[in-house]
Each structure stands twice: as structure tokens, then as C-alpha cells.
Amino acid sequence: MNHRHGVRVGAPIRLALVMAALLTRDGAVTRADTQTLTDVMRRAHQYVVLYEDHELSTVVAREQYQQQWLDARGNTKIERTLRSDYLLFQLPPSEDWFALRDVHDVDGTPVVDRTARLNDLFGRPHEVQRDLAMEIMKESARFNLAPDLYYRTVNVPTFALRFLRPSSRSRMKFAKGGEEQVESTRSWIVEYQEVKGPTYVSTPDRHDLRAQGRFWIDPDTGAVMRSEMMVGGTRRTSGRVTITVTYRHEPALGFRVPIEMLERYENPRHLEDDVVLARATYSEFRPFNWQTLVPPRIDPESR
């Protein structure tokens with residue numbers, strides 16, 4: 001009787017212990033084990049809103065940007081190093097986000113017209129903000145190598161974050177592609193595709209270019225640990241760009257910042273074409289208010 005009673009009660013206990021051992025063989029059961037893609041994406045959308053509105057928009061970083069133009073055999077044709085300030089800001093009335101590479105010097109030579117160009121950009125009235133946005137993108141790209149071969153204005157580290165904005169959900173498709181340890185965080189690899197237009201990237205003649213790539217996301221907080229964006233490489237647009245950005249927590253600021261951006265521009269359908277490689281690193285993060293760039297306006301009637 002006692003033996004039979006012991007079997008009936010002890011077996012479930014032993015089974016529970018075995019199951020617990022299996023579940024915890026790689027450590028304690030985490031919240032990520034029971035989370036859904038919907039949960040993680042909701043946190044990621046919320047994270048990007050907070051990140052752009054209240055964190056990254058308050059700082060400016062020093063960027064060192066090295067570009068290398070290679071021929072098809074891998075021989076270097078031209079190299080260039082830019083030292084710049086990188087800042088993110090909103091423009092009325094749409095309040096869309098823009099990034100600006102404010103170049104200080106090129107290969108050690110100062111950019112002499114820098115202040116005048118910035119004053120011209122930010123001193124314009126609000127009714128011409130659309131034109132201003134285009135000028136800002138051109139300003140950020142005017143020192144790119146091989147612009148005739150690979151014209152680009154997307155080579156800013158925070159560009160891919162726009163795919164995670166809540167306003168972008170209707171045009172995007174997300175899927176979990178796996179998990180990977182990034183630093184000390186067990187991150188979700190979330191694959192994405194832009195499935196509806198108008199797309200965020202277009203050709204110079206304004207044809208849509210659909211982006212795809214991956215985000216490495218902390219499933220508990222929605223924080224972006226790494227981003228990857230790929231555009232082009234299709235029959236219609238054979239040139240392809242791949243941009244990978246790594247984020248790291250900055251203790252002095254209390255949030256993550258981009259610390260490295262890697263780029264590759266190539267034409268996989270034409271292997272004889274040149275390739276452009278680039279690496280940007282970010283440091284010296286400091287508080288910033290973009291409105292300090294705007295010169296005070298003088299009312300003509302007050303003169």
C-alpha cells in the first residue's frame with residue numbers, strides 16, 4: 001500500500017523535476033520563451049518612438065567616416081575620410097525625422113563653406129520645408145565616393161529605424177528569423193520586408209525600391225541592438241546596398257547609441273563593376289538642440 005502510494009505521488013514529482021531540468025539546462029526559463037512576435041514588435045514600435053523623440057534627438061555625435069572605392073579585382077582606386085557631426089531632428093509641419101551629416105573636414109581639409117550652408121538650410125521659412133528636406137539629404141551625401149555609380153542618401157545609421165515606426169506597420173512584413181546572443185542579451189532576429197509603397201527609398205527618377213533586412217531586438221524591452229538594411233540587387237535596379245549598424249549602451253546618456261555603421265555598395269549582376277565599402281564610427285555623444293543652428297530672423301518692419 002505504501003509502495004503503491006509512493007509510486008503514484010513520486011512519479012509526477014520525478015517527471016516535474018526532469019522537465020524542470022530540461023527547461024533550465026541553458027539557464028532559467030526567460031520571459032522570451034513565452035513571448036510572441038506581436039509582443040516583441042509592439043515593444044519595438046514603442047521603443048523607436050521613445051528613442052527618436054526623447055533620446056537620440058537630444059544628442060549630436062562625432063562621426064569618423066572612411067570610404068574606399070575598389071575596382072572589380074579589389075584594388076583601391078580612391079580612399080576618403082570625413083570627420084563630421086551627426087544629428088537627428090524633426091521638421092515641421094509633418095514632423096518627419098531627418099538625419100544630417102555636418103561634415104567638418106575631408107581628408108583633413110576643413111570644409112570652408114560649412115557654416116554658411118547650414119545657415120541657409122535651417123534659415124528657410126516653413127513653407128519650403130519640402131525643398132529643405134531634399135537639400136538636407138543632398139548635403140549629407142555630397143562627399144560620397146562614386147556618386148555616379150552608386151548615388152545614395154540613405155547612408156546614415158538611423159535610417160532603418162523608420163521601418164519600425166508605428167506609422168510604417170501597414171507597409172511592412174515581419175517574421176522571427178531566429179535568436180542570437182548580442183553582448184549579454186539573448187536577442188530576437190526579426191526579418192523584415194517592405195511590401196507596400198510608397199517606399200522609403202527610391203531611385204533618382206523616383207521609382208520605388210523596396211527594402212528588406214533584419215533587426216536584432218531585445219524581446220523584453222524592444223531595444224534595437226543591431227540593424228541590417230538591403231536595397232536593390234533586382235532586375236530593375238541592379239546596384240545593391242547593404243548597411244549594418246551596431247548599437248551599444250552609452251552609460252553617460254543612459255540609452256543605446258549607434259557606434260558603428262558598415263556599408264557595401266555593389267552590383268551582383270555585373271561583377272565587373274566597382275565596389276564601394278565604408279565604415280563609420282561614432283563617439284563624443286553630447287547634448288544638442290538643432291534649433292541653435294537656425295539664425296535669428298529679423299522682422300523687416302522692425303528695421
Side-chain angles (χ1 to χ4, degrees), residues 52 56-70 76-91 96-126 128-161 201 204 241 243-246 250 253 257-265 274-298:
E52 289 187 323
L56 197 60
S57 61
T58 65
V59 297
V60 60
R62 179 59 52 87
E63 178 191 65
Q64 180 153 318
Y65 188 35
Q66 298 170 304
Q67 302 180 48
Q68 192 176 25
W69 186 352
L70 309 175
T76 300
K77 298 175 71 172
I78 305 175
E79 290 183 317
R80 176 174 292 170
T81 299
L82 311 178
R83 287 196 321 116
S84 315
D85 281 337
Y86 174 80
L87 54 145
L88 186 75
F89 53 90
Q90 284 179 304
L91 285 176
D96 197 7
W97 285 97
F98 292 87
L100 174 65
R101 175 174 290 111
D102 173 19
V103 181
H104 292 198
D105 65 67
V106 180
D107 292 329
T109 301
V111 177
V112 295
D113 62 343
R114 170 181 166 245
T115 301
R117 291 175 67 86
L118 287 177
N119 285 342
D120 179 61
L121 284 176
F122 290 99
R124 300 183 187 184
H126 289 169
V128 293
Q129 294 292 347
R130 185 184 297 257
D131 294 335
L132 171 59
M134 294 302 297
E135 290 299 320
I136 288 171
M137 289 190 288
K138 291 178 182 177
E139 175 69 18
S140 295
R142 71 179 177 129
F143 295 108
N144 288 340
L145 286 179
D148 295 333
L149 188 60
Y150 301 111
Y151 179 78
R152 57 207 185 269
T153 57
V154 298
N155 54 328
V156 289
T158 53
F159 188 91
L161 294 181
V201 184
V241 54
I243 300 178
T244 305
V245 179
T246 299
E250 173 55 55
L253 297 174
V257 293
I259 61 163
E260 182 185 59
M261 177 176 66
L262 301 176
E263 303 168 68
R264 183 178 179 89
Y265 300 88
D274 293 349
V275 173
V276 175
L277 304 178
R279 177 177 183 262
T281 56
Y282 302 88
S283 60
E284 300 180 32
F285 290 88
R286 54 203 185 276
F288 176 77
N289 179 355
W290 76 270
Q291 292 177 337
T292 60
L293 287 176
V294 182
R297 292 182 184 171
I298 299 176

Separation between [atom1] of [X] and [atom2] of [Y], rounded to the nearest 0.5 Å:
X	Y	atom1	atom2	result
L145	K77	CG	NZ	10.5 Å
Y282	Y65	OH	OH	7.5 Å
M261	I243	CE	CD1	6.5 Å
L277	E79	CG	CD	10.0 Å
E63	L87	CD	CG	10.5 Å

| message | Applying side chain to side chain contact (heavy atoms under 4.5 Å, CB included), can you list everything that pairs with D148, at least two apart in sequence or on another chain? | response | none
| query | Out of Q64, E260, E263, which residue meets the side-chain hydrogen bond (donor to acceptor under 3.5 Å, both in side chains) rule with R279? | reply | E260
[X] to [Y] - nearest heavy-atom pair and separation:
X	Y	answer
S84	R62	O-CD, 3.2 Å
D274	L70	CB-O, 3.1 Å
D85	H104	OD2-NE2, 3.1 Å
Y86	V60	O-CG2, 3.3 Å
V154	V201	CG1-CG2, 3.9 Å
L56	P258	CD1-CD, 4.2 Å

Is there side-chain contact between [X] and [Y], with at least one heavy-atom pair below 4.5 Å?
X	Y	answer
V59	E250	no
V241	R152	no
N144	Q67	yes

| query | Side-chain donor-acceptor pair under 3.5 Å between Y265 and N155, yes or no? | reply | no
| field | Donor on one side chain, acceptor on other, Q68 and T76, under 3.5 Å | value | yes
| said: Any side-chain to backbone donor/acceptor pair from D107 onto T81? Under 3.5 Å, distance only. | reply: yes
